Amino acid sequence: MIGANPDALTIYNTLSRSKERFVPMTPGRVTMYVCGVTVYDYTHIGHARTFVAFDVITRYIRALGFDLTFVRNHTDVDDKIIARAAEVGEEPLALAERFIAALDEDMGALGVLTPDVEPKVSTHIDAIIAMVETLIERGMAYAVEGGDVFYRVERFEGYGKLSGQRLEGLRAGGRIASDPRKESPHDFALWKSCKPGEPSWESPWGAGRPGWHIECSAMSCKHLGDTFDIHGGGNDLVFPHHENEIAQSEGATGAPFARYWMHSGMVNVMRDDDQQGEIVEKMSKSLGNFWTVRDVLGAYHPEVVRYFMLTTHYRQPITYSLKMMEEAHDRLEYLYTTLSRINEALGRIGTIPEAGNFVSPAAAPLETFFAKFHEAMCDDFNVPAALVPLGELAKASNELTKSKKKPKPDAAYTLAAIRSCLVQAGQPLGILQQLPEEALVELRDKRAEALGIDSEAIEQRINDRSQARQDRDWSLADAIRDELAEQGIELMDGADGTSWRIARVTKA
RNA sequence: GGCGCUGUGGCCAAGUGGUAAGGCAGGGGCCUGCAAAGCCUUGAUCACCGGUUCAAAUCCGGUCAGCGCCUCCA
């Protein structure tokens, strides 16, 4: 990508609690592992936030010229999956498989790139067992009667280095009675014996299944090695999941685990509370306050969902609301409208003039565009700041496309350059990747569909009005405009006919 | 109780030592048969108190408020 400088990238590392210059282990190559989800239900907007955040990160790392290997797992063996499967009378692995397919579909629709490797627990049992055995050999874990294996937390010196927790500060067993077979209440399960009827695999400790944290240690090790560059996930995984991963991996290999830990912020949701009024709280399955990706995709264009997520830095929490989605919709529509106007203007002349022969009047934002964009992106992927130069470009472009005349050669060149910049910058962000004319229709139709507006009826009335306007019957034309405006339809009279859009649902 | 995060104009949101990016909404204007779109223009001293400094939204201490994790969680 133009202006990209891989040496300039800075990443906030949870481990050091500071921004660090990013230097990969192997020059030019980056290895990254991101925790996926436990697949027992449809994914919600919270999952999508993390996936989109790391999608932008993977895209931008590649745009910087790095050769990235990206691994993201599916946890397909887990208590919740077993419980859900029992509820609906399905085989646990079949249920998991079904929701993996749904996840692929949802994330694909959101434009989230498929990772290079998507390992599953069920296909990595050997690697998991091997790692547990190593941990036992090294004294970092112990098997107990009944066929469970626990990690010996107190044996791992660095325990708590990621989350800043100290063993004494933890409320282990506070809410759930601690297993008396544990040496310490903080010890956690690496291998769990199974009850009859549950999915299980043979192991040196009897039939059972892996504990929750071990799969990520085993699978990241298998696909990326003992030490790799970046480990990511939602910040609710910092403790205990990621802390335990470090204990397992470093306890087993003796080598440093992930070098940079990146955590994305949660999606919040507003709720009306009788006592406290409006309160924000984390979107989560257990609170039941979630919107599934498919619900939201039913109402909004996928790039609108992405744009919404791009407006807040990935480490900050973001509040999901209708108002913010509408705002994102309008802003994306604005950018696509800008591109469409460029196409229209450029369509009025034949060939686009070559660079270098013209002094363009709107060159200022163009000259600084990539510098600003990369400066923001290299500052720990500051996407909200990176969006600013896009807006500047759009403004300059719309100034140039104001006139309906044939653009002058230097203006045409500038417009072509702006279009190219917008589309290029949109690539790592995952927006502006459609033909603008198609995107605008999709944006409009999606909103029409969500509001139950009949597009054909609208177009019919527009035709009626066009006739009235031809007859110079302004009062009838205005009456139709008002009638449609009642439904939130805004008409745009242009040189080549009338187009329409739907006004925002919520204003204040 | 422990660990961590946050508090910037009506709303959203960057900035983390040199006198506040950007977006939305609102006001004014240009354009338009009218309108929409687009363009121009307009607003904050950064929760509070104290300290460090030539200089702080930005560093340190304290207070208040909100949130997350410590149990499954993206």
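Order of the sequence lines sets the chain letters (A, B, ...), proteins ahead of strands, with each chain counted from 1. For the numbers below, each heavy atom of this structure counts, side chains included, while hydrogens, waters and symmetry mates do not. Just so it is clear, the structure is predicted and the values come from calculations on it, not from any experiment.
Using a 4.0 Å heavy-atom cutoff across all strands shown, A:Gly391 reaches no nucleic acid atom at all. Contact annotation for A:Arg481: base contact, defined as any heavy-atom pair under 4.0 Å involving a base atom. Residue A:Val34 is out of contact with every strand shown, counting any heavy-atom pair closer than 4.0 Å. As judged by a 4.0 angstrom heavy-atom cut-off over every strand, A:Asp478 is placed among the base-contacting residues. The residue A:Lys282 sits close to a base: some heavy atom pair falls under 4.0 Å.
The shortest distance between the side-chain N/O atoms of A:Arg341 and the OP1/OP2 oxygens of B:A37 is not below 4.0 Å. Between A:Lys395 and B:G23 there is a side-chain polar atom (N or O) within less than 4.0 angstrom of OP1 or OP2. Checking the phosphate oxygens (OP1, OP2) of B:A74, no side-chain nitrogen or oxygen of A:Asn235 falls inside 4.0 Å. Distances shown here put every side-chain N or O of A:Tyr307 at or beyond 4.0 Å from the OP1 or OP2 atom of B:A13.
Across every strand in view, B:C3 sits in a pair with B:G68 that passes the Watson-Crick or G-U test at under 3.5 angstrom. Applying the Watson-Crick and G-U wobble criteria (two distances, each under 3.5 Å), B:G17 pairs with nothing in any strand. Across the strands present, B:A56 finds no partner; the criterion is a Watson-Crick or G-U wobble pair with both atom distances under 3.5 angstrom. B:G33 is unpaired under the Watson-Crick or G-U wobble criterion, no partner having all donor-acceptor distances under 3.5 Å.
Salt bridge present: A:Arg481 and A:Asp493 bring a charged side-chain N and a carboxylate O closer than 4.0 Å. Between A:Glu344 and A:Arg348 there is a salt bridge, since a side-chain N of the basic residue sits under 4.0 Å from a carboxylate O of the acidic one.
Remark: C1' of B:G68 and NE2 of A:His241 are 18 Å apart, rounded to the nearest angstrom. Rounded to a whole Å, the CZ atom of A:Arg465 is 12 Å from the P atom of B:G33.
Counting heavy-atom neighbours within 6.0 Å of A:Glu87 CD, excluding the residue itself, gives a total above 12.
Side-chain atoms of A:Arg49 and base atoms of B:A74 include no donor and acceptor less than 3.5 Å apart. Donor-acceptor pairing under 3.5 Å, judged by distance alone, is absent between the side chain of A:Asn382 and the base of B:G15.
The A:Gln165 side chain lies nearest to B:G2 when the options are B:A74, B:A36, B:G2.
Remark: ring of A:Trp474 stacked against base of B:G33; centroid gap under 5.5 Å, plane tilt under 30°.
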